[in-house]
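Some notes on the structure that comes next.
Numbered from 1 within each chain, the chains take letters A, B, ... in sequence-line order.
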Amino acid sequence: MALRLYNSRTRSLEPFAPLQAGRASIYVCGMTPSFHPHLGHARTFLTFDVLRRHLMARGYEVTYVQNVTDIDDRIIERAATEGVPWDDIVSRYLAEYEACAQRLGLLKPDHEPRATREMSAIVDIVNGLVQKGAAYESGDGVYFAVEEGAFPHYGELSHQSIDELRAGVRVAVREDKRGRLDFALWKKAKPGEPTWPSPWGPGRPGWHIECSAMARKYLADQIDIHGGAADLIFPHHENEVAQTETYTGKVPMANFWVHAGLLNVDGQKMSKSLGNFTPLTQILDRYPAAVVRYLFLQTGYRKPSNFTAESIDAAGKGLRGLYADLDALRARAKSNAAPGSRSPAPSPASLEEFDAYLDDDLNTAGAVGWLQTYVKCSLKDGGADASIVVATAQQCLERFGLPSDAESAGLTATSSQVKLNKAARMELSIIAGEREASDLELVEKVISARDDARKAKDWAKSDRLRDALARAGIAVKDTPSGAQWSVDGRS
RNA sequence: GGCGACAUAGCCAAGUGGUAAGGCAGAGCUCUGCAAAAGCUCCAUUCGCCGGUUCGACUCCGGCUGUCGCCUCCA
């Protein structure tokens, strides 16, 4: 079976055929660091991270480029509001994004070009477009002449005609251009704005042109897959296609346009004004990154997705369950293993079943279901070779970019995660008769006091202590080998 | 107004022209001092509504309704 992907350009599912045998080039529109990265960013980049991992697993040599648009109107506005230099804004939010990307386990792009460092490539394209007569200089910039028919295929990607698009244009924009649909390739400097030199005087690139320049420079005139979130289809990608294809004369610039669905929060579009905008950093502080990843894997990447506290809690429990079953299989494999035996290879047949889901337009949700069933059934079926199942499941987790066990996924309690609030600390320190002990020591003291009570069959005291721990956010469970505890909701 | 996506159990969510994966929640039982955890079992005669095609549709076609998104701020 071969990979099939939904191509927004043709609105159909197509077999993936690379331009060069064995290679795949992907360009994904990355961050504009003008504000905090949010969950929607995470969803988009996780989607392409999994696509990339799957292509690699299928034997392609993948070149993945994800740009940074580090100059645009919003960055300038933000800087003006805060009264700081524009590049302070960029470095602040870019650093925040990179920290999040690392926590999410996103593979590092092969190239991460930044618009401001690619000015000559940008100016070259604008120049070329002007020379071809597809663009013109006006009082405030250089514009692409959509309305004069510079690009006959304009609108094909977003499947709208020029007339339809024109009808949709809202308020008259105060730009000095000939046609309403014409868009800026280069913006001449206004006072106080950052500038770069150009044949049209100091200024800065318009939005869209940077991607045309960087995709060509770091990949080629024509690439296999161009990705981004669905909200970029128009105008960003439409304009990008117009620029690149007019400039290079090669069609199409991207064989596949792959768009990730947008994310809603509590049923509504995420926005600052609705007050449901949560920086990604805060989400990752609250939930393990692996849970965020698992949550999005459970949804088709093209579908609109709704984020709620319930949905991520359920995802966390589902992932924990998977890891628990896997641990049980590991234990079985260990007890069955002959001394000195090597760990076995994954089952090719099972792996193929898993990959078949991903081949089907990256059906991660189906693949998750398959993996849950595979692990659960293997656990019930004593006849299955546990070590092979474990090896196979680990491969699947790697395809997903998920850690191989609960501990590395940050799902188990560790001493550093014990943080008692004031009231809880007070209560436990009274019970323990300790004032100076660390949070961790306090918890352990109370646990052992409870153990003593249980040995003495003083159930009332034992339950009292368990309740106190529960109020402090510590869950206790008694096992044959003694009491185990965990930070609530963590394990 | 134009363009599009989606509509499957309490929630999330796969899927197929031949009779509904999985997760969460819930219920019962086992275990347990009681819990928790774990194990076992159960949980959509039905896939928004109405027509059509078909031996047969949730799956294909047409219409309707609803939700959401895009139409130069957007990942």
Side-chain angles (χ1 to χ4, degrees), chain A residues 8 11 28-32 34-35 37-48 72-74 77 97 155 158-161 163-171 173 175 180-184 206-208 227-236 238-239 259-264 267-272 280 294-295 298-300 302-308 310-322 324 328 357 360 363-374 376 379-380 454 457-460 462-463 466-467 470 475-480 483-486 491:
Chain A
S8 334
R11 284 191 179 154
V28 174
C29 287
M31 284 290 294
T32 297
S34 61
F35 201 58
H38 53 67
L39 249 191
H41 292 113
R43 183 187 190 197
T44 298
F45 300 132
L46 283 167
T47 295
F48 291 102
D72 92 332
D73 294 352
R74 286 173 297 149
E77 277 168 29
Y97 167 73
S158 53
H159 298 271
Q160 301 220 76
S161 70
D163 284 344
E164 286 166 351
L165 287 166
R166 195 184 288 117
V169 173
R170 291 162 174 167
V171 199
V173 199
E175 284 178 307
R180 276 197 291 185
L181 289 177
D182 295 359
F183 57 91
W207 184 41
H208 321 307
D231 55 351
L232 295 181
I233 295 173
F234 191 89
H236 184 57
E238 191 71 69
N239 291 351
H259 289 104
L262 298 181
L263 180 79
N264 289 349
Q268 285 187 304
K269 180 178 169 166
M270 181 168 39
S271 82
K272 278 175 257 175
L280 182 53
Y294 185 83
L295 172 69
Q298 283 183 302
T299 308
R302 287 195 282 132
K303 280 199 169 187
S305 171
N306 185 31
F307 177 85
T308 61
E310 292 72 33
S311 66
I312 196 163
D313 285 343
K317 285 175 185 167
L319 182 59
R320 268 183 205 100
L322 180 64
Y357 281 99
D360 179 18
N363 183 358
T364 52
V368 166
W370 178 89
L371 182 59
Q372 286 273 8
T373 309
Y374 173 67
K376 181 71 82 184
L379 192 59
K380 284 186 187 177
R454 291 189 73 237
K457 295 196 191 291
D458 184 351
W459 310 125
S462 159
D463 289 350
R466 183 169 63 201
D467 291 345
V476 187
K477 42 183 169 173
D478 297 312
T479 71
Q484 283 188 359
W485 61 274
S486 57
S491 174

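Separation of the P atoms belonging to B/C47 and B/G26 is 27 Å when rounded to the nearest angstrom. With C1' as the reference atom, B/C42 and B/G15 are 23 Å apart, rounded to whole Å. Comparing B/C71 with B/G56, their C1' atoms are spaced 43 Å from each other, to the whole Å. B/U46 and B/A38: their C1' atoms are spaced 33 Å apart (whole Å). Across the C1' atoms, B/A9 and B/A13 are found 11 Å apart, a figure rounded to whole Å. For B/C60 and B/A37, the P atoms lie 42 Å apart once the distance is rounded to whole Å. Straight-line distance between the P atoms of B/G48 and B/C6: roughly 13 Å, to the nearest whole Å. B/G39 and B/A75: their P atoms are spaced 43 Å apart (whole Å).
To the nearest 0.5 angstrom, A/I312 atom CD1 is 5.5 Å from A/L295 atom CG. Remark: A/D182 CG to A/N239 CG distance equals 10.0 Å, nearest 0.5 Å. The structure places OG1 of A/T364 at 10.5 Å from OH of A/Y294, a figure rounded to the nearest 0.5 Å.
Considering only the side chain of A/L262, B/A75 comes nearest among B/A75, B/G15, B/G33. The nucleotide whose nearest atom lies closest to any side-chain atom of A/T44 is, among B/G33, B/A75, B/C24, B/A75. Closest to the A/R454 side chain, of the nucleotides B/G2, B/C68, B/C34, is B/C34. Among B/A36, B/G23, B/A75, the nucleotide with an atom closest to any side-chain atom of A/Q298 is B/G23. Ranking B/C3, B/C74, B/C24 by closeness to the A/E164 side chain, first place goes to B/C3. Of the candidates B/A13, B/G33, B/C71, the closest approach to any side-chain atom of A/L165 belongs to B/C71. When each of B/G22, B/A35, B/C74 is scored by its nearest atom to the side-chain atoms of A/R466, the top-ranked nucleotide is B/A35. Nearest to the side-chain atoms of A/T32 among the listed nucleotides B/G39, B/A75, B/A14 stands B/A75. Comparing B/A5, B/C71, B/G22 by their nearest atom to the side chain of A/P304 picks out B/A5. Listed nucleotides: B/C68, B/C34, B/G15. Nearest to the side chain of A/D463: B/C34.
The separation between A/Q372 atom CD and B/G22 atom C1' is 7 Å, rounded to whole Å. Put simply, CG on A/N306 is 20 Å from P on B/C24, counting in whole angstrom units. Atom CG of A/L280 and atom C1' of B/C74 are 16 Å apart (whole Å). Atom pair A/F234:CZ and B/A5:P shows a separation of 18 Å (rounding to whole Å applied). The CD1 atom of A/I233 sits 20 Å away from the P atom of B/G2 (whole-angstrom rounding). Taking atom CZ on A/F183 and atom C1' on B/U72, their separation rounds to 10 Å, with Å as the unit. Atom NZ of A/K303 and atom P of B/C12 are 11 Å apart (whole Å). A/F35 has its CZ atom 13 Å from the C1' atom of B/C74, to the nearest Å.
Distances shown here put every side-chain N or O of A/K376 at or beyond 4.0 Å from the OP1 or OP2 atom of B/G23. Between B/G15 and A/N363, a contact under 4.0 Å exists linking OP1 or OP2 to a side-chain N or O. Of the side-chain N and O atoms in A/R11, one or more sit less than 4.0 angstrom from OP1 or OP2 of B/G4. Contact annotation: A/K380 side-chain N/O to B/G39 OP1/OP2 distance is not under 4.0 Å. Phosphate proximity of B/A75 to A/R74: present, with a side-chain N or O under 4.0 Å from OP1 or OP2. Contact between the side-chain N/O atoms of A/K317 and the OP1/OP2 oxygens of B/A25 is found at a separation under 4.0 Å.
A/G300 comes within 4.0 angstrom of the backbone, heavy atoms only, and of no base. Residue A/G369 is in base contact, counting any heavy-atom pair closer than 4.0 Å across all strands shown. Within the 4.0 angstrom heavy-atom criterion, no nucleotide atom of any strand lies near A/S34. Counting non-hydrogen atoms under 4.0 angstrom, A/W370 reaches nothing in the nucleic acid. Among the heavy atoms of the strands, none lies under 4.0 Å from A/D313. Across all strands shown, A/G316 has no heavy atoms under 4.0 Å from either base or sugar-phosphate atoms. Among the heavy atoms of the strands lying under 4.0 Å from A/L263 is at least one base atom, whether or not backbone atoms are also near. Residue-level contact check: A/A260 touches neither bases nor backbone, having no heavy atom under 4.0 Å from any strand. In this structure, A/H38 reaches the bases: a heavy-atom distance under 4.0 Å links it to at least one base atom across the strands shown. A/E310 comes within 4.0 angstrom of no nucleic acid atom, judged by non-hydrogen atoms across all strands. When heavy atoms are screened at a 4.0 angstrom cut-off, A/V28 is found touching no nucleic acid atom at all. Nucleic acid contact for A/T373: sugar-phosphate only, since backbone atoms but no base atoms lie under 4.0 Å from a heavy atom of the residue.
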As a quick check of understanding, evaluate side-chain contact (heavy atoms from CB on, under 4.5 Å) for A/H208 and A/F183, giving each step before the final call. CA-CA 9 Å; A/H208 321 307; A/F183 57 91; 3.8 Å; yes
Test side-chain contact (heavy atoms from CB on, under 4.5 Å) applied to A/N306 and A/S311, step by step: CA-CA 8 Å; A/N306 185 31; A/S311 66; over 6 Å; no
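Pair check for B/U59 finds none; no Watson-Crick or G-U wobble contact set falls under 3.5 Å. Applying the Watson-Crick and G-U wobble criteria (two distances, each under 3.5 Å), B/A21 pairs with nothing in any strand. Across all strands shown, B/U53 has no partner, as no Watson-Crick or G-U wobble contact with both distances under 3.5 Å is found. With a 3.5 Å ceiling on both atom-pair distances, the Watson-Crick or G-U wobble partner of B/C68 is B/G4. The nucleotide B/G39 finds its pairing partner in B/C29, both defining distances of the Watson-Crick or G-U wobble pair being shorter than 3.5 Å.
Both A/H159 and A/S305 lie close to RNA chain B; mapped to their nearest nucleotides by heavy-atom distance, the more 5′-ward contact belongs to A/H159. Residues A/G261 and A/A315 each lie close to RNA chain B; by heavy-atom proximity, the contact nearer the 5' end of the strand is made by A/A315.
Counting all heavy atoms, side chain and backbone alike, A/H159 lies closest to A/S8 at NE2-O, 3.0 Å.
For the pair A/E238 (side chain) and A/G155 (backbone), a donor-acceptor distance under 3.5 Å is present. In this structure, the side chain of A/T47 engages the main chain of A/R43 through a donor-acceptor pair within 3.5 Å.
In this structure, A/L263 and A/H38 have side chains that are not in contact, with every pair of non-hydrogen atoms separated by 4.5 Å or more.
Taking the six-membered ring where tryptophan is involved, the planes of A/H236 and A/W207 are essentially parallel, since the angle between them stays under 30° and well short of 60°.
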